[in-house]
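Chain A is the first sequence line, chain B the second, and so forth, proteins listed ahead of strands; every chain is numbered from 1.
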Number of protein chains: 2
Amino acid sequence: MLSKKAKYAIKALLALADRDPDEPMRIADLARREQIPPKFLELILLGLRNQGILRSRKGKGGGYLLARDPKDIHLGEIVRMFDGPLAPVPCASQTAYVPCADCRSEAVCGVRLAMKEVRDATAKILDGTSLDSLRGQVARASLLDQAR
Amino acid sequence: MLSKKAKYAIKALLALADRDPDEPMRIADLARREQIPPKFLELILLGLRNQGILRSRKGKGGGYLLARDPKDIHLGEIVRMFDGPLAPVPCASQTAYVPCADCRSEAVCGVRLAMKEVRDATAKILDGTSLDSLRGQVARASLLDQAR
DNA sequence: AGATAGTCTACTTACCCGATAGAGTAAATA
DNA sequence: TATTTACTCTATCGGGTAAGTAGACTATCT
């Protein structure tokens with residue numbers, strides 16, 4: 001399950017990627033626009049800032065901005081940041097491998113084998129989807145939706 | 001994250017798939033063999049039985065057996081049973097779709113778009129992997145492992 | 001009958017998610 | 001430089017759920 005934090009983070013970043021890259025957006029506006037509890041969003045944006053994904057400006061006219069090009073921010077990074085490794089099971093993780101205590105023969109565990117496939121497929125999608133490309137996908141889906 | 005229940009279930013089923021289909025295996029033996037807390041395993045096997053995946057025999061010489069051909073038991077079924085829908089987000093689920101309250105424009109949500117891809121890839125793997133095919137994969141991996 | 005082995009319900013424990021509160025700090029502008 | 005604007009940070013809380021345990025009960029075999 002994707003946590004609310006990760007979900008809200010993606011929505012917020014997507015909204016920011018849709019704007020003039022130099023015009024900051026306030027927490028409150030972002031929260032209203034995306035239907036996110038403001039204080040909760042605050043926490044999320046702070047995390048993204050400390051991770052180097054967002055920058056912020058204080059005071060009047062301040063708010064949050066993307067710290068990097070939307071082409072260089074991938075969903076994988078965001079999901080890992082909030083929800084940890086993509087692999088369903090630690091022993092199948094690439095970025096955070098931890099062996100499991102209850103596995104007798106390390107290399108030949110069926111669970112690990114299957115879950116490694118899942119993690120690879122997931123990583124391929126999420127690490128291959130940037131904010132920018134997702135924005136494109138949404139735009140295309142939007143056109144299709146209007147067409148009917 | 002895969003729950004321990006689902007993980008233990010898969011391990012136990014895999015062990016059962018590796019035996020004479022008519023020779024039951026006791027909870028205690030299964031637990032020892034797979035390093036699973038016996039009382040916890042008890043709960044899991046009971047669930048699998050009520051789901052029609054296992055059968056049981058009571059009394060001396062009793063234990064658990066697969067209720068179906070290992071070719072007809074897929075990981076997707078097991079994971080869904082214990083952990084719910086495969087989709088990371090309810091609005092991307094095929095088997096348990098629930099719209100999200102905070103989505104303004106239903107069809108053109110970036111999160112949903114990306115997560116639908118993830119769920120489709122995951123479903124393809126897990127619904128495509130039977131106990132039997134996984135057993136085969138393990139056997140092959142085992143050979144490779146011995147070769148080094 | 002007695003031993004064996006699954007069935008079922010009810011806990012307990014610990015952890016974590018989602019959310020909120022409030023005091024603090026930095027920047028902009030009048 | 002005083003004031004307003006907005007982000008920064010720590011603490012906390014309620015509720016839910018995962019993992020595991022206990023114990024009484026029931027069915028089957030010898």
Side-chain angles (χ1 to χ4, degrees), chain A residues 1-12 16 22-32 34-67 79 81-85 88-90 100-102, chain B residues 1-12 16 23-67 79 81-85 88-90 100-102:
Chain A
M1 255 297 236
L2 194 72
S3 70
K4 297 266 185 187
K5 278 189 185 174
K7 179 182 166 183
Y8 292 159
I10 295 171
K11 291 185 81 170
L16 286 170
D22 291 326
E23 197 179 320
M25 199 166 176
R26 281 180 307 174
I27 296 178
D29 293 342
L30 212 36
R32 198 170 328 108
E34 301 296 335
Q35 307 286 331
I36 303 171
K39 286 299 268 184
F40 195 43
L41 179 58
E42 199 177 290
L43 220 59
I44 293 164
L45 297 179
L46 195 58
L48 288 169
R49 193 200 94 110
N50 292 336
Q51 194 69 198
I53 295 171
L54 291 180
R55 325 179 262 139
S56 59
R57 276 215 280 274
K58 289 186 174 184
K60 181 156 193 178
Y64 278 98
L65 312 87
L66 294 184
V79 172
M81 171 182 163
F82 289 104
D83 297 355
V89 95
C100 27
D102 58 310
Chain B
M1 255 299 239
L2 194 73
S3 70
K4 299 266 184 186
K5 278 189 186 174
K7 179 184 165 184
Y8 292 159
I10 295 171
K11 292 184 80 172
L16 287 171
E23 197 179 320
M25 197 167 176
R26 281 179 308 174
I27 295 178
D29 293 340
L30 212 36
R32 199 171 328 108
R33 177 155 190 268
E34 301 297 333
Q35 306 285 331
I36 302 171
K39 284 302 265 182
F40 195 43
L41 179 59
E42 195 179 295
L43 219 60
I44 293 164
L45 296 179
L46 195 57
L48 288 167
R49 192 200 96 110
N50 292 336
Q51 195 67 201
I53 296 170
L54 290 181
R55 327 179 261 138
S56 58
R57 275 215 281 274
K58 288 186 174 183
K60 180 154 192 179
Y64 278 100
L65 310 88
L66 293 185
V79 173
M81 170 184 163
F82 289 104
D83 297 355
V89 96
C100 28
D102 58 310

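Under the side-chain hydrogen bond (donor to acceptor under 3.5 Å, both in side chains) criterion, B:Glu34 pairs with no residue, sequence neighbours left out. Residues meeting the salt bridge (Lys or Arg N to Asp or Glu O under 4.0 Å) test with B:Arg26, sequence neighbours left out: B:Asp29. Applying the salt bridge (Lys or Arg N to Asp or Glu O under 4.0 Å) test to B:Lys11 and every residue at least two apart in sequence or in another chain returns A:Asp102. Every residue meeting the side chain to side chain contact (heavy atoms under 4.5 Å, CB included) condition with A:Leu46, not counting sequence neighbours, appears here in chain and number order: A:Asn50, A:Tyr64. In terms of the side chain to side chain contact (heavy atoms under 4.5 Å, CB included) criterion, residue partners of A:Met81 (sequence neighbours excluded) are, by chain and number, A:Leu48, A:Gln51, A:Ile53. Remark: A:Arg55 engages no residue in a salt bridge (Lys or Arg N to Asp or Glu O under 4.0 Å) (not counting sequence neighbours). B:Arg57 meets the side-chain hydrogen bond (donor to acceptor under 3.5 Å, both in side chains) test with no other residue; sequence neighbours excluded.
Place B:Met25 and B:Leu43 on DNA chain C by their nearest nucleotides, and B:Met25 ends up nearer the 5' end.
A heavy-atom distance below 4.0 Å to DNA chain D is reached by these residues of residues 49-64 of chain B, ordered by number: B:Lys58, B:Gly59, B:Lys60. The stretch residues 1-12 of chain A touches DNA chain C through A:Ser3, A:Lys4, A:Lys5, A:Tyr8, each having a heavy atom under 4.0 angstrom from the strand.
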For residues 36-44 of chain B, which side-chain donor-acceptor pairs fall under 3.5 Å, sequence neighbours excluded?
| unit_1 | atom_1 | unit_2 | atom_2 | d |
| --- | --- | --- | --- | --- |
| B:Lys39 | NZ | B:Glu42 | OE1 | 3.3 |
| B:Lys39 | NZ | B:Glu42 | OE2 | 3.2 |

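Paired regions of DNA chain C, where each region holds three or more successive Watson-Crick or G-U pairs whose two hydrogen-bonding distances fall under 3.5 Å, are C:1-30 with D:1-30.
In summary, contact between chain B and DNA chain D, defined as any nucleotide atom under 4.0 Å from a heavy atom of the protein, begins and ends at D:dA19 to D:dC29 in the 5' to 3' direction.
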